[in-house]
Amino acid sequence: MATCKDCKGFFAREDDQDRGDCVMRVTDPRQAYYKAVPVEADKDASKCSSFRKR
Amino acid sequence: MGQSTARTEKESSVEELKNRREWWFVAEKTRSKRLDYLRKGVWKKGAIGGNYAPGIKIDLTFPQLFIDKWQEHEGEAIMLQKAHALAHVLDNIPIFITDNSQIMGYIGSAPHNIVWHWQGISMVNEEIYNEEGIIPEPEEESLEILANLNDYWGGRTAVDKLARVLDPEDAVKFMSGAIGWGTPTSAATYSTKDFDYIFKGFEAILAEVEERMEETEEKLQGNPSPEILPLYDKLPRWEAMQIVLEAGIRYAERYARLARTLAEHFESDPERREELLRIAETCERVPAKPPRNLQESLQFDHFVQVLSRYETFEGAWPHRPDYIHGPYYDKDVNQDKRLSKEEALDLVGEHLIRTHEVGIFAPKWAREGLQGITGTWVWTMGGVKPDGSDACNDMTVAYMQAARLVRVSNPTFGFRWHPKVKDEVMRECFECIRHGLGYPSMRNDPVLVANTVHWYGHPVEEARTWVHQACMSPCPTTKYGCQPMRMASATANCAKMIEYALHDGYDPVVNMQMGPKTGDPREFKDFEDLFGAWVKQMEWLRNILVRTVNLGRVKDPEFFGRPFLSAIYERAVETGTDACDPSNGDRGNAWVTGFTWVENADSLAAIKKFVYDEKKYTMDEVLDALNANWVGYEEMRLDFVKNAPKWGNDDDYVDDLMVRCLREVSRHSKENRCPSNNTWPLLPENVSGNIHYANLVGALPNGRRLGDALYDGGISPGPGLDKKGPTAVLKSCGKFDHVTDGRAFLLNQRLSPTQLSGEKGYQLWKAYMKTWADLGLDHVQFNMVDDATLRAAQKDPEKYQEVIVRVAGYSAHFVDISRKTQDNIIQRTVQGLG
Amino acid sequence: MQPGALVTEIQRFAVNDGPGFRTNVFLKGCPLSCRWCHNPETIAPYPEIYWKRRSCVQCGACLDACPRDAVNAPIHPVEAQKEESTYHKIFRERCDLCMKCVDACRYGALEIVGTELTVNEILDEVERDRPFYDNSGGGMTVSGGEPTAHPEFLAQLIEGARSRGIHICLDTNGYCQWDVLGPLVQSVDMVLYDLKHLDSARHAEMVGAGNELILENLAGILRAGKEIWLRQPIVPDYNDSWEYHVKAAEFLGQLPGRIQRIDLLPFHTWCEDKYSWLGLDWSLRAAEPMDPSMVEILAEAYQARGFAVTAGGSGFEDNAVRGGCRHAP
Amino acid sequence: MKCSACAFEAPIGKFRYLYNARIDSSITMRQCPQCEQWLAVDELLGEAKDVVNPGEAPWGKSAGIEGLAEDVQV
């Protein structure tokens, strides 16, 4: 099963390797930005559309 | 060839744009690339014509995260329960860093999202189903989430709870919509903030809380006595403060982490990489610790604003950013030379943009009242320091310059004018006005400081720290001066005072007995009888509003709960109370916002003159005409409009009545008391209540019919009824005392760009402002009639009836004059020759 | 009862008629008839009737009220309001100005222009803007029409204003005998003085009289050392050539005294409505308003000779602002 | 009064009153109950003078400061 920690966009927290940020580049009609959502390292990512294998 | 020629071309075209007064394009050509990117990146959050722009979506992540934790902590003290829920939101809501940006923080999980505050009134929550386009995809799923949220919150919101304790008769009349509007709860509110305290840093406040808790626990272990009993309730409040302060620090750290990740793994441009590392460093520092430089102070400020807007719907933005950030600007730019002026301007411009982009969902009827903006965010500039010396600094100038570059409609500025303001700062104010921004509004600082002392007894040094609590009302930003919630929810539809006086307290529009029975006007033997009835109706109307709002204020800690605001309120931290609890030393700064005020003076003057002085009409005839909504009495109506004295013409007959009405209200303002046992002065202004109430105020002796827009502005004369020009308006407005006759008085004036062009325009304005100050007025804001407006007036004359063109030796209602002349005036206006 | 004079308007917040904020008092009646006159209602020395076509609904009430059959029969308002329409409500030649039609009008389309006011009535109104004068070096500007056409009244008005401490500016065309004008000029604080053309024949052609008296009086005022702003209306194809202004500058430079400022006032057509409201044909109706940048070029002719010159005559130009009240200690 | 669009006739009060063009003029906006057309009405004569098409902001620009700094985005 693919999990978040297997993804290129996952960055583990220094203080807690089991958790981290899912970082994504987003371009909307007006601007571009990087977005971060907190995730568990072991979270199931098999259905994630932005999953990119590390 | 090459660069130097290109520069000349660019400059000359900017010159040309200036001559054509195309300020938007001037700004676009002169601002930095960064500001240009950020400005154009803003998703417009204000509604136009009542509708949100395409692409704007409600943020559903926020309420969902909130309710998950909220329900987990059901049964705990309300402040604690809310603190847990808020902390969960701050830990988990998606965050983002936009390209080129340097100031972090947004309320919602993406730039096109607006937050929906659902904890205020369940009746209003239902409004969300009527919105098209703002429900996120997939719609069906979102609607289900919304339905679940509404199911849960129905009956649990702050106003739902308040409604259960109100006097039923008051509730019916208050809710009739005829006499007032607003929500007496801090669920829809605004608060002043004391940044002297906040900038100590959250860690310092946490230490203070810790100390208080230890001290209290010790007391609880000691001798039992009645004094220690209230302490039990304080502990969970302090705990709540701890939770949100810590969550606030973690929220900032999330940005720091993201910025570092981007710098290390994503960013290839070395300059931007450095910026990202600076952002990381900044967010690691604040709000935990005091700011050390301009970027940190702006960032700290913005985090605080964002955090408080996660907690509640803040419809205004009381702030004095030049005063707060000025020292950091001075240190960075002037002393350490760490920042160039241009770099500082980028930060200041972005501060305006970050504020402008905040969006909060409001129901359609409220949006119609605030066309195009999210709230009335009036920032305070200039003024004096507590010792009375000039507080204007380089940051004041930077904000004015940045405003002209980013040209946002919100926030706007209110400038605290005083006699020691330097000419260079006045010129900056003037440039903003000349560029058609419509701000700053000009406020008379000595008058308003005295006013604040007069009404609430704030010590003068504290009164001098004032900021606009909302659009107009000054409020100190000190420990005991700060106001945690919107006491101006006492908003009176003042035209009802004269309407009820003429109908024995009966409301002919909503068809019910509202005010007291003050007698059939046909039986009045003289004007004094009528005036007496007016006074009684005025008192009744104010009483019911003040009663309701007082109750809302006292009950707010029980019904809503403000852990974050309490954590940044020194007096709440010190006492372990909710910031909204009036018992914690609040001095009170309540006022009744007076919508549709001027109709009273004009109506009373018309009756006094025609019925009692000249006996041209009987009261019978007047009442018949009013009851017929003037239909069939048009000639008489025109007589009442044109030949009765009208406010704003420097005519003592009606101006004296205005003064008399205000003095009656002022007397009553001191009889009404707020929960801190302080006064309730009147503040005439309209926002857009003049339109809102058009179909709720019946025919009046000033010549209006049911359906007509009421006068705009708090003390502005009726549109087109100021026949003697702007100086006469100022003269009229100077006849009452702006210190003791009310809280503040909104005056709109139009000036023509023709008159204000060039150096002579500035000299004219300066002399005008000096007279404005000499006359003791507390407020004025200028509206420039630009050529776009005049063009539009040509196209749709019926929409621009009130536009007056005033040029050398000639003035007229624009729509009265011939097409050719109109064209010529527009041409002149554009070319700028007086 | 004090004697009165006909006043067409007391205009507060005037910013182009002398220094600072001013209140203009327009006296009715003028001995000249300049073709470009911007205030045609001030020429005739008696009350007149304005007919505002855009307010008129053609109800015919005025027709019924008129005892002399001097009212034009109603036509469709749209026709009457057309830009090119020559329709006017009043037959001026038959009208004896009894004003019964004005009383009958319920739409404000007919209006009397010219009200008799006493010195005190005027000054009470003028005095209302005193705080604005104090902060801008402003005051009262007596204008017209031609104020010197009412010498006795004007003298009383000036005396009254003086006793109330109001700065007085006399706006005159100078077409007046020196024994009348001289004392009046002496009694005011400053003079706005019109100059239309240096060539007497050309002057007579457009103004209705030669310029000899006017130029003589100008010299007289300068000899008297009174502060003076010279106002030159610039009319296309009349006095708008560079050569003319070079000559004018030379002429003015040789006069026996100093002209504090020269205001060049570009021709405009904003007054055409007033002509049509009075039922007068205006010979310059078709003329194009002047591009103000033209005037700025002409200004150089005067600057070259060291004159302070403005385009438009604002009371707030650098050299005009005096700052504060002249009565201040 | 007679509707100038559909010729419907009724006392003037039956035509829904909307608002005045200007407080000091006798021209008002009313709406025909039959065809719902907006009419410019002369209240002195009690006659419909014209049909009008309502604009977006019937009361004109507010004299306040709102919206003046136009949020133009290119």
Side-chain angles (χ1 to χ4, degrees), chain A, chain B residues 34 36-45 53-57 61 65 87-101 104 106 108-113 247 250-251 253-268 272 276 279-280 283-284 350 353-354 357:
Chain A
M1 184 185 76
T3 59
C4 283
K5 66 174 177 297
D6 305 323
C7 175
K8 273 185 171 173
F10 178 80
F11 296 88
R13 291 177 54 160
E14 271 176 32
D15 56 341
D16 183 355
Q17 293 293 313
D18 294 339
R19 292 188 299 154
D21 293 319
C22 161
V23 177
M24 271 170 287
R25 173 87 173 156
V26 182
T27 307
D28 78 14
R30 309 201 72 93
Q31 66 212 292
Y33 57 89
Y34 291 96
K35 177 177 171 176
V37 187
V39 287
E40 307 279 331
D42 291 331
K43 190 183 163 197
D44 177 10
S46 55
K47 291 200 182 103
C48 177
S49 59
S50 38
F51 182 82
R52 285 173 303 136
K53 184 103 187 83
R54 197 181 276 272
Chain B
R34 185 203 306 276
D36 198 49
Y37 182 90
L38 295 173
R39 177 63 180 87
K40 288 173 180 168
V42 175
W43 287 81
K44 186 168 176 49
K45 305 296 166 38
I56 299 293
K57 301 288 175 195
T61 320
L65 286 168
H88 188 61
V89 171
L90 297 173
D91 285 337
N92 291 288
I93 191 110
I95 58 165
F96 57 90
I97 297 180
T98 302
D99 288 3
N100 295 308
S101 71
M104 304 295 115
Y106 184 72
S109 45
H112 63 282
N113 282 1
R250 288 197 303 275
Y251 177 70
E253 282 168 351
R254 291 181 60 201
Y255 280 99
R257 217 158 59 225
L258 176 57
R260 273 197 202 286
T261 304
L262 297 181
E264 284 161 18
H265 300 278
F266 289 81
E267 191 53 62
S268 55
R272 179 62 180 162
L276 285 163
I279 290 167
C283 295
E284 279 154 4
E350 187 176 350
I353 291 167
R354 291 281 87 90
E357 73 177 349

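Chain naming here is simple, since letters A, B, ... match the order of the sequence lines and numbering starts at 1 in each.
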Original post:
What's the shortest heavy-atom distance between B:Leu258 and A:Tyr34, and which atoms?
Top reply: CD2-O, 3.9 Å
Original post:
Which atoms of B:Leu262 come close to chain A, meaning under 4.5 Å heavy atom to heavy atom: side chain ones, backbone ones, both, or neither?
Top reply: side chain
Subject >> Engaged part of B:Asp91 at the chain A interface, taking heavy atoms whose separation is under 4.5 Å >> reply: backbone
Original post:
Do you know which two heavy atoms are closest between A:Asp21 and B:Arg257, and how far apart they sit?
Top reply: OD2-NE, 2.9 Å
Original post:
Would you say the side chain of B:Pro111 lies within less than 4.5 Å of the side chain of A:Gln31, judging by non-hydrogen atoms?
Top reply: yes
Original post:
Do any of residues 1-15 of chain A come closer than 4.5 Å to chain B, heavy atom to heavy atom, and if so which ones, in number order?
Top reply: A:Phe11, A:Arg13
Original post:
Is it the backbone or the side chain of B:Ser101 that comes under 4.5 Å from a heavy atom of chain A, or both, or neither?
Top reply: neither
Subject >> Closest heavy-atom pair and its distance - B:Tyr37, A:Ala32 >> reply: OH-N, 2.8 Å
**OP:** Quick one: closest heavy-atom pair of A:Pro38 and B:Arg254, and the distance?
**Re:** CD-NH2, 3.3 Å
